[in-house]
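Working notes, beginning with the structure itself.
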Amino acid sequence: MVKTKIVVIIPALNPLNALIGYVKNMLKFDIEKVIIINDGSDEKYQVVFDELRKLDGCIVLTHQKNKGKGRALKTGFQYVITYIKHVNFVITVGAHGQHKLDDVQRILQNAAIFSDGIILGVRSFNSKDMPLTSSIGNRTASILFSLLFHKRLLDTQTGLRCIPKQQLYWCIKVPGESFSYDTNMLVEAIKRNIPIYEIPIGKLKLKKNSIMFYDEIINTHKLLQQMLITYSKNRKHHN
């Protein structure tokens with residue numbers, strides 16, 4: 001049986017020291033490499049990236065200025081295409097503790113099973129720690145996505161995704177430099193008739209006074225607006 005080879009990609013903006021231990025433990029999994037993209041973090045966070053560079057199996061790429069989550073992911077995808085030849089999948093993971101190691105492990109275990117499509121780690125918004133507005137916002141986004149793109153997805157903004165390497169060639173061309181990239185990737189996959197699988201992961205928890213960059217809880221109004229913009233652009237392109 002051929003071994004499944006997987007690379008993890010983590011876009012990071014101003015990460016906490018906890019990322020170091022998180023990556024150390026992740027490297028104990030059956031993973032080829034962990035690629036961190038420093039997306040223009042403040043200078044005081046450089047020590048975190050310096051420590052990550054010392055880890056065997058960890059690669060740190062750097063944007064001198066903040067370019068957004070979408071661009072950071074594309075930088076990671078391009079690196080895999082160019083320099084890491086014998087890889088089957090990439091898994092994208094958040095840098096701020098959004099995804100527990102158990103959740104990453106669950107996606108790893110399902111990568112080969114659902115190898116013909118993109119796997120989404122779907123979060124549960126039914127948590128006492130989750131504001132009601134966020135829970136309602138997620139449901140609203142799911143319904144709107146279904147109406148516009150004819151595909152029901154429970155969590156369109158999850159950053160925990162598994163993507164077959166052969167799909168990276170179109171992923172790097174998907175528009176969107178910031179959070180809009182998450183939605184645009186899914187829309188493009190639907191247009192290409194690429195299966196999208198949903199794997200339940202742990203409940204989403206937000207800590208008080210926590211700082212969340214990029215994803216994964218964003219302003220609902222902005223998310224819905226972005227979906228409508230994406231839909232409008234696709235209509236114009238089709239016409």
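Counting begins at 1 with the first residue of the sequence.
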Between Arg106 and Asp103, is there a side-chain N and carboxylate O pair less than 4.0 Å apart? yes
[X] (side chain) donor-acceptor with [Y] (main chain) under 3.5 angstrom:
X	Y	answer
Thr4	Ala112	no
His99	Val93	no
Thr158	Leu120	no
Asn88	Lys5	yes
Lys33	Ile6	no

Checking Asp39 against Arg71 for the side-chain contact (heavy atoms from CB on, under 4.5 Å) test, could you report, in this order, the C-alpha distance in whole Å, the side-chain angles of both residues, the deciding distance, and whether it holds? CA-CA 9 Å; Asp39 188 28; Arg71 175 48 56 187; 5.8 Å; no
State which residues pass ring-ring contact (aromatic ring centres under 6.0 Å, His included) with Phe49; sequence neighbours excluded, sorted by chain then number. none
Measure the shortest side-chain to side-chain distance between Gln46 and Asn38 over non-hydrogen atoms and say whether it is less than 4.5 angstrom. yes
Would you check if Ile163 and Met185 make a side-chain contact, meaning some heavy-atom pair closer than 4.5 Å? yes
Non-hydrogen atoms of [X] and [Y] that approach each other most closely:
X	Y	result
Leu19	Pro15	CD2-CB, 3.6 Å
Pro164	Ser115	CG-O, 3.5 Å
Lys151	Ile190	CB-CD1, 3.5 Å

Approximate separation, where rounding is to 0.5 Å, of [X] [atom1] and [Y] [atom2]:
X	Y	atom1	atom2	value
Asp42	Asn66	CG	CG	9.5 Å
Asp155	Leu160	CG	CG	9.5 Å
Ile199	Arg161	CD1	CZ	14.0 Å
Thr156	Phe149	OG1	CZ	9.5 Å
Glu198	Ile119	CD	CD1	11.5 Å
Ile10	Leu73	CD1	CG	11.0 Å

So which of Lys67, Lys69, Lys74 actually passes salt bridge (charged side-chain N to carboxylate O under 4.0 Å, His left out) with Glu177? Lys74
Under 3.5 Å, which donor-acceptor pairs link side chains of residues 167-176 to any protein atom two or more places apart or in another chain?
from: Gln167; atom 1: OE1; to: Trp170; atom 2: NE1; distance (Å): 2.6
from: Trp170; atom 1: NE1; to: Gln167; atom 2: O; distance (Å): 3.3

Exactly one candidate in Ile59, Ile91, Ile37, Ile36 meets side-chain contact (heavy atoms from CB on, under 4.5 Å) with Ile9; the answer is Ile37
Single-linkage hydrophobic cluster, 4.5 Å side-chain cutoff, Leu55 and Leu16 together: no
Could you walk me through whether Tyr45 and Asn17 pass side chain to side chain donor-acceptor pair (under 3.5 Å), step by step? CA-CA 9 Å; Tyr45 295 94; Asn17 287 332; over 6 Å; no
